> 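What follows is a single structure, and I will ask about it in a moment.
Source: prediction; values computed, not measured. Throughout, a chain's letter reflects where its sequence line sits, starting with A, and its residues are numbered from 1.
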Number of protein chains: 2
Amino acid sequence: MTQTPAGRRSQRATILDVAAAAGVSRQTVTRAMNDMPGIKTETRQRIQEVARELGYTPSRFAKGLVQGARTSVGLAIPDLTNPYFPAFASSVVEQATQRGWQVVMDDYGHGGRNGLDAVEHLAPHVDAVIGYLGGYAGQAQAILGRRPLIVLDEEPGSAAGAITFDYRHAAELAIGRLQGVGCSRIAYVDSVRAPEKRALEIRAPEDLNSGNRPSSAGGSAETVAHGRGADDGFVTSRGRAFAAVLEESYGGAFRCSAVAVEESASESRTAVRELLALQPGIDGIVAFNDLVASGVLKALSDAGKRVPEDCLVIGMDGIPLGEQLSPELTTLSLDLREVGRTAVELLDGLLGGTLAAGSAESRLILRHRLVVRQSA
Amino acid sequence: MTQTPAGRRSQRATILDVAAAAGVSRQTVTRAMNDMPGIKTETRQRIQEVARELGYTPSRFAKGLVQGARTSVGLAIPDLTNPYFPAFASSVVEQATQRGWQVVMDDYGHGGRNGLDAVEHLAPHVDAVIGYLGGYAGQAQAILGRRPLIVLDEEPGSAAGAITFDYRHAAELAIGRLQGVGCSRIAYVDSVRAPEKRALEIRAPEDLNSGNRPSSAGGSAETVAHGRGADDGFVTSRGRAFAAVLEESYGGAFRCSAVAVEESASESRTAVRELLALQPGIDGIVAFNDLVASGVLKALSDAGKRVPEDCLVIGMDGIPLGEQLSPELTTLSLDLREVGRTAVELLDGLLGGTLAAGSAESRLILRHRLVVRQSA
DNA sequence: AGTGGAAACGTGAACGTTCACGGGCTGGGT
DNA sequence: ACCCAGCCCGTGAACGTTCACGTTTCCACT
């Protein structure tokens with residue numbers, strides 16, 4: 001034995017410690033630990049026993065250095081507590097595991113961090129990132145360099161891959177439904193992501209109560225948003241899509257009002273309660289998502305309105321909660337497991353080289369699907 | 001330059017490639033990339049530019065090897081889709097991130113894997129594991145060797161740390177509540193974890209409809225469970241705790257019946273519907289968790305029973321869903337963020353050496369708290 | 001011009017493992 | 001007695017980075 005594992009300050013046992021203790025060489029220990037051939041069964045067992053006693057755990061760094069990396073993907077999610085994300089995260093983990101990848105996860109919603117912080121935190125440890133970054137696609141891709149980034153629900157910018165949603169199509173589905181049953185006064189309840197922390201408030205929509213505004217010709221479509229701090233009325237791309245489709249569909253005979261609240265049922269409840277007090281005639285409400293829609297249902301109940309008799313309600317994204325509500329929520333459903341699967345497939349293509357970063361094929365657009373239940 | 005980065009087959013650019021391209025040495029590149037002092041600003045910028053062009057990303061393995069590992073913890077979770085887990089997972093990630101740790105996550109619920117598979121998958125990449133393993137604490141700790149394992153809701157066995165729950169206390173809270181308002185016929189709706197896939201079915205409880213059984217003296221407490229494949233009536237520790245407390249509290253004047261279903265609202269709904277058809281007199285139901293309780297509410301509604309007027313319902317674990325139901329669900333609430341935080345604190349103690357693996361201090365017992373809302 | 005000293009940069013060594021060899025032993029055949 | 005094959009085991013090299021030094025460059029002050 002010319003190997004001298006002695007005299008080190010390291011706490012961890014190394015392969016040399018095991019080799020010395022068992023009276024063999026490094027390579028033999030490697031053979032024993034990794035079930036390789038070319039070693040006597042007796043020796044193998046003795047070495048494994050010694051390793052167990054010493055509490056030896058192979059260094060993942062040394063292993064990775066010599067063997068070449070197993071791929072590990074970072075998963076950045078704003079808030080696992082939001083029922084939208086678990087199905088997505090679960091699906092990503094499942095798909096990654098199937099490919100033998102590992103997933104390093106960051107839920108950046110707490111502690112005032114944002115999507116960029118998450119990517120900075122993940123970057124040193126991963127070969128790629130998938131995530132809802134909320135607008136940092138460009139900067140995040142810069143941090144990652146050549147390593148692929150898949151962003152979701154966001155302008156891709158320089159990101160290697162992206163999955164976005166056809167909100168225009170979703171809006172057409174929902175409004176088609178409401179229009180079909182004759183709704184005439186529709187409200188859209190928008191929402192902003194918590195990290196932005198914009199203090200949005202509802203203002204009295206005088207213009208809607210007191211007839212037409214001077215600026216708009218009598219009977220023309222009219223879209224009014226109540227929200228402070230938003231550069232335009234509808235702050236989200238969801239909201240914008242709805243506004244556009246509403247104008248087109250109801251040209252001439254429609255009024256829409258919108259409130260923007262933080263993404264939670266209780267916020268939504270109080271906001272919509274106030275809205276209903278000001279505009280009792282509303283007979284159809286589309287919500288930013290099912291969580292917000294849940295608050296809408298409560299608010300309608302508070303106001304003594306029955307769903308769907310007095311007012312229809314349509315949610316969005318189709319989280320499991322919707323089925324448990326009464327009335328069961330009609331929603332624009334998104335198969336979030338499919339979204340996760342698709343994201344991993346995209347990444348697989350990018351890592352494998354069959355897909356070019358930033359190419360048209362790496363930009364996918366997914367569609368919502370109308371699931372009709374009781375509320376509309 | 002005696003450094004010769006040429007003639008390698010490696011795809012990835014190494015620090016030597018950057019050094020050669022920039023006409024400097026390894027160490028200078030290191031200084032540039034890690035914002036260390038002792039380098040001219042101009043040189044630093046030039047190197048960073050070169051690194052960007054070459055798509056250089058430092059090898060996390062080489063870095064980890066020489067610098068000593070940043071700790072990374074594995075997080076094993078049966079099913080993120082189950083609303084019980086996201087708050088826990090989110091909290092673990094938050095706490096770990098605060099300490100500068102990274103979290104490698106495995107959601108092992110899909111594809112027929114179990115908690116042991118998850119630990120095997122995580123083991124090569126992590127310094128410790130936190131997880132709901134569903135009964136594999138011993139074998140998992142064996143795989144991890146000296147590296148600490150924190151198990152939740154499970155007999156700790158040889159695991160370094162553990163968090164369990166005082167189901168006895170929870171049962172006392174719930175039954176105390178029901179007893180206080182005079183419930184006389186209580187059902188407990190139990191559940192088994194999906195991975196077990198035990199086919200449990202409801203059988204007609206003749207003994208409860210047709211008076212006393214011969215084996216039990218008239219009027220004595222009687223606990224009947226309907227479930228095939230369970231060695232005893234109540235298959236879960238939650239169920240066992242409830243059975244015990246029910247017997248003691250209602251000694252002489254009580255009848256309890258239980259069904260065991262898979263953990264889902266729809267399964268629960270059909271199961272309880274059948275149960276109510278057989279035993280219409282039930283006036284209080286405690287459910288395995290809020291998801292199951294949600295199905296119970298639906299079943300009661302199906303049967304024309306009003307909650308809480310005709311029958312009280314108490315859920316368990318206090319997931320956000322409960323507040324959105326109508327009636328809002330009274331539940332035995334668990335602060336899952338606190339559970340996650342506590343798990344990480346335990347791990348912190350174990351890694352730091354201030355806590356001994358397997359010691360009494362590394363075994364924590366947390367309690368549920370009764371949150372009274374509308375359903376009871 | 002000489003000198004001191006800081007700033008800028010370079011070089012051997014080490015981290016812990018696997019890969020690609022190479023060597024010794026054993027046993028069975030000619 | 002010799003050789004060869006097959007098994008078992010050991011040794012140098014390499015993976016890519018940082019650490020701890022050592023060396024050079026540069027400037028200011030005497």
> Could you state the CZ-P distance from A:Phe61 to C:dT17, rounded to the nearest angstrom?
12 Å

> Nearest whole Å is fine: how far is D:dA14 P from B:Leu16 CG?
13 Å

> CG of B:Asn34 versus C1' of D:dG16: gap in Å, rounded?
13 Å

> Just to confirm, is there a sub-4.0 Å distance from OP1 or OP2 of C:dG16 to any side-chain nitrogen or oxygen of A:Thr14?
no

> At less than 3.5 Å, do the side-chain atoms of B:Arg60 and the base atoms of D:dG16 form a donor-acceptor pair?
no

> Below 4.0 angstrom from OP1 or OP2 of C:dT17, is there any side-chain N or O of A:Ser59?
no

> Nearest heavy-atom pair of A:Arg113 and A:His121: which atoms, and what distance?
NH2-CB, 3.7 Å

> Counting heavy atoms from C-beta on, name the nucleotide in C:dG10, D:dC9, C:dT18 closest to the side chain of B:Val24.
C:dG10

> Can you tell me the distance, in whole Å, between the CD atom of B:Gln67 and the C1' atom of C:dC15?
11 Å

> Confirm from the modelled atom types if A:Gln27 and C:dC19 form a donor-acceptor pair under 3.5 Å, side chain to base only.
yes

> Under 4.0 Å between a side-chain N/O of B:Ser25 and OP1 or OP2 of C:dC9, yes or no?
no

> From the options D:dT17, D:dC15, D:dT11, select the nucleotide whose nearest atom is closest to the side chain of B:Ala62.
D:dT17

> Can you give me the closest heavy-atom contact between B:Ala159 and B:Ala137, atom names plus distance?
CB-CB, 4.3 Å

> So, is A:Thr28 close to the D:dG10 phosphate, meaning a side-chain N or O under 4.0 Å from OP1 or OP2?
yes

> Would you say the side chains of B:Arg363 and B:Thr164 form a donor-acceptor pair under 3.5 Å?
no

> Out of A:Ile47, A:Thr14, A:Asn34, which one pairs with A:Val29 under the side chain to side chain contact (heavy atoms under 4.5 Å, CB included) rule?
A:Ile47

> Starting at the 5' end of DNA chain C, which residue's closest nucleotide do you reach first, A:Met36 or B:Gly38?
B:Gly38

> Between C1' on C:dT18 and OH on A:Tyr56, what's the gap in Å once rounded to a whole number?
10 Å

> For a quick check of understanding: with a heavy-atom distance under 4.0 Å over all strands, which category does B:Pro58 fall into, base, sugar-phosphate or nothing?
sugar-phosphate

> Should A:Thr57 and A:Arg12 be marked as a side-chain hydrogen bond (donor to acceptor under 3.5 Å, both in side chains) after you check the CA-CA gap, both sets of side-chain angles, and the distance that decides it?
CA-CA 8 Å; A:Thr57 304; A:Arg12 272 178 63 147; 5.4 Å; no

> I need the NZ-C1' distance between B:Lys40 and C:dC9, as an integer number of Å.
10 Å

> With a 4.0 Å cutoff (strictly under), does any side-chain N or O of A:Lys63 reach OP1 or OP2 of C:dT18?
yes

> Rounded to the nearest angstrom, tell me the gap between atom CD1 in B:Ile47 and atom P in C:dA8.
12 Å

> Tell me whether the side-chain N/O atoms of B:Thr43 come closer than 4.0 Å to OP1 or OP2 in C:dC9.
yes

> Roughly how many Å is it from CD1 in A:Ile15 to C1' in C:dG16, rounded to a whole number?
8 Å

